[in-house]
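What follows is a single structure, written as structure tokens, with notes after it.
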Amino acid sequence: MDRAQVEKISKALADETRLRIFEAISRTKRMNCGEIVSMRGVTPATVSHHLKILSEAGLIACRREGQFVYSEAVPETIEAYTRALSKIASGKKTSRRGFLSRAAKSASALVCSQFLPSPLRASLFSQSAPPKTSPNNSARPQLALTLDDPTLSLGSVLKWPEANSRLLKAISGKDVHGALFVCGMRVDDADGAKLLSAWDQAGHLICNHSYSHKFYGEGTSYADFAADFLKNERVLAPYRNRTALFRYPFLKEGDTADKRDRFRALLKDRGYRVGHVTIDASDWYVSQRFVDRLAKQPNAPISAYRDYLIAHLLDRAAFYRQLTLDVLGHDIRHTLLMHFNPLNAFVLPDVMKAFEAAGWQWMDASLAFEDPIFRSQPRTLPAGESLVWALAKETRRFEDRLRYPGEDDVYEKPKMDALGL
């Protein structure tokens, strides 16, 4: 590889967004444009520009399969790039200094630290301060699956017994136990008891998610919300793995300090802790769009919705994990929010596999909730959102990175519209 090509690759990877795109493609082997657009900070207007530069540098190859164009990393280019840098680094001192001076303007230390072998990293950076290594790469991150709103009503797409069977099989395939957050009104009959019993017998946590899924904000008093929470205890009482964890509907914990603190006191009196989410997402909306499409086109392929969902979940996981590291200075055991819905019933095995491919390790929900971070009680108003979001909000140091609400359909709608999903 000649010097012109080395500099071209360095410039291609020097852009922060382009580097993230290349990392994502390398990590998942291949990605389509929809998955790339779903990454934070990447828009449909810029993605083609970034992919063109990466392609011209020989870092990726683009291939069309049907209606989708997939981008794949070209490992041979990075190998040749590494050899070229190694050759330059071992040459004359003046030549090395000249190259590094130019390279410093076009490629950050982050590029080298992530893509070069450790002996070459030592050679390149031995004369200066070592590049910072993020704790983000220090250990394999862990997460547990938590599933909200089991229901008997899934429309015409899927019957609840099949959905239940598919979800349970996907989780058992990873030899872990999840946490099921139950909204009583959706399963308060004999069939609902059968649904919950299957989860209970499989060893999953059965947790309280209120009876009526009330929004604990303006219009819902403390008394009404508390009564609804207590009503759900009757529904959950028969199950051996019933666990004193409560998850607020919509992750909203009260719009006033009085309502927030009174309900927290009630939880404590009843022996409950909050079943916090650390990785929030909008999987429910992706499933809703999938179901709506099937109503119009019964034979519509599931693959595009699966790919979008996986890209969305991985993006949100990366965002909240990095926010965790920045707020706390260390990682935690994460809990991923998903829902009992048709799309997840079909694609949960692919979702779990994708997280493993991205470096995540699945763990039991009971173990995840033992992390001391889940005893935190952020003093934010309005209270709620994911735990990591609330902790970041409380510091007042991350306003430029936090949106309200943390996740919602309004963020995903324009992206899915643009992709025709």
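Scope of the values below: all heavy atoms of this structure, side chains included, with no hydrogens, waters or symmetry mates. Index from 1, following the sequence. Because the structure is predicted, anything quoted here is derived from the model rather than measured.
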If you look only at distance, which donor and acceptor atoms sit under 3.5 Å apart when one is on a side chain in residues 200-207 and the other is two or more places apart or in another chain?
unit_1 : atom_1 : unit_2 : atom_2 : d
Asp200 : OD1    : Arg240 : N      : 3.4
Asp200 : OD1    : Asn241 : N      : 2.7
Asp200 : OD1    : Asn241 : ND2    : 3.2
Asp200 : OD2    : Arg240 : N      : 3.1
His204 : ND1    : Gly178 : N      : 2.8

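- With values rounded to the nearest 0.5 angstrom, Leu195 atom CG is found 7.5 Å from Leu180 atom CG.
- Distance check, rounded to the nearest 0.5 Å: CD1 of Ile332 to OG1 of Thr278 gives 5.0 Å.
- Within the structure, side-chain hydrogen bond (donor to acceptor under 3.5 Å, both in side chains) pairs that include any residue of residues 361-381 comprise Asp261-Arg379 (at least two apart or interchain).
- With respect to Glu253, the salt bridge (Lys or Arg N to Asp or Glu O under 4.0 Å) criterion is satisfied by exactly one of Arg262, Arg260, Arg264: Arg264.
- The ring pair (Phe, Tyr, Trp, His ring centres under 6.0 Å) test applied to Tyr305 returns Phe290, not counting sequence neighbours.
- With sequence neighbours left out, Trp199 forms a side chain to side chain donor-acceptor pair (under 3.5 Å) with Asn164.
- Shown here are the salt bridge (Lys or Arg N to Asp or Glu O under 4.0 Å) partners of Lys231, two or more places apart in sequence or in another chain: there are none.
- Here His312 pairs with nothing under the ring pair (Phe, Tyr, Trp, His ring centres under 6.0 Å) rule; sequence neighbours left out.
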Expected list for residues 208-217: side-chain donor-acceptor pairs under 3.5 angstrom, two or more places apart:
unit_1 : atom_1 : unit_2 : atom_2 : d
Asn208 : OD1    : Ser210 : N      : 2.7
Asn208 : OD1    : Asn232 : ND2    : 2.9
Asn208 : ND2    : Phe229 : O      : 3.3
His209 : ND1    : Arg247 : O      : 2.7
His209 : NE2    : Asp149 : OD1    : 3.3
His209 : NE2    : His213 : NE2    : 3.3
Ser210 : OG     : His213 : N      : 3.0
Tyr211 : OH     : Asp188 : OD2    : 2.6
Ser212 : OG     : Asp228 : OD1    : 2.7
Tyr216 : OH     : Lys259 : O      : 2.8

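- The stretch residues 172-182 participates, sequence neighbours left out, in these side-chain hydrogen bond (donor to acceptor under 3.5 Å, both in side chains) pairs: Lys174-Glu356.
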Under 3.5 Å, which donor-acceptor pairs do the side chains of residues 265-275 form with other protein atoms, sequence neighbours left out?
unit_1 : atom_1 : unit_2 : atom_2 : d
Arg270 : NH2    : Glu233 : OE1    : 2.5
Tyr272 : OH     : Glu233 : OE2    : 2.9
Arg273 : NH1    : Phe369 : O      : 3.2
Arg273 : NH2    : Phe369 : O      : 3.4

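- Remark: Tyr248 engages no residue in a side chain to side chain donor-acceptor pair (under 3.5 Å) (not counting sequence neighbours).
- Checked against ring pair (Phe, Tyr, Trp, His ring centres under 6.0 Å), Tyr239 has no partners two or more places apart in sequence or in another chain.
- Listed by chain and residue number, Asp283 satisfy the side chain to side chain donor-acceptor pair (under 3.5 Å) test with His339 (two or more places apart in sequence, or in another chain).
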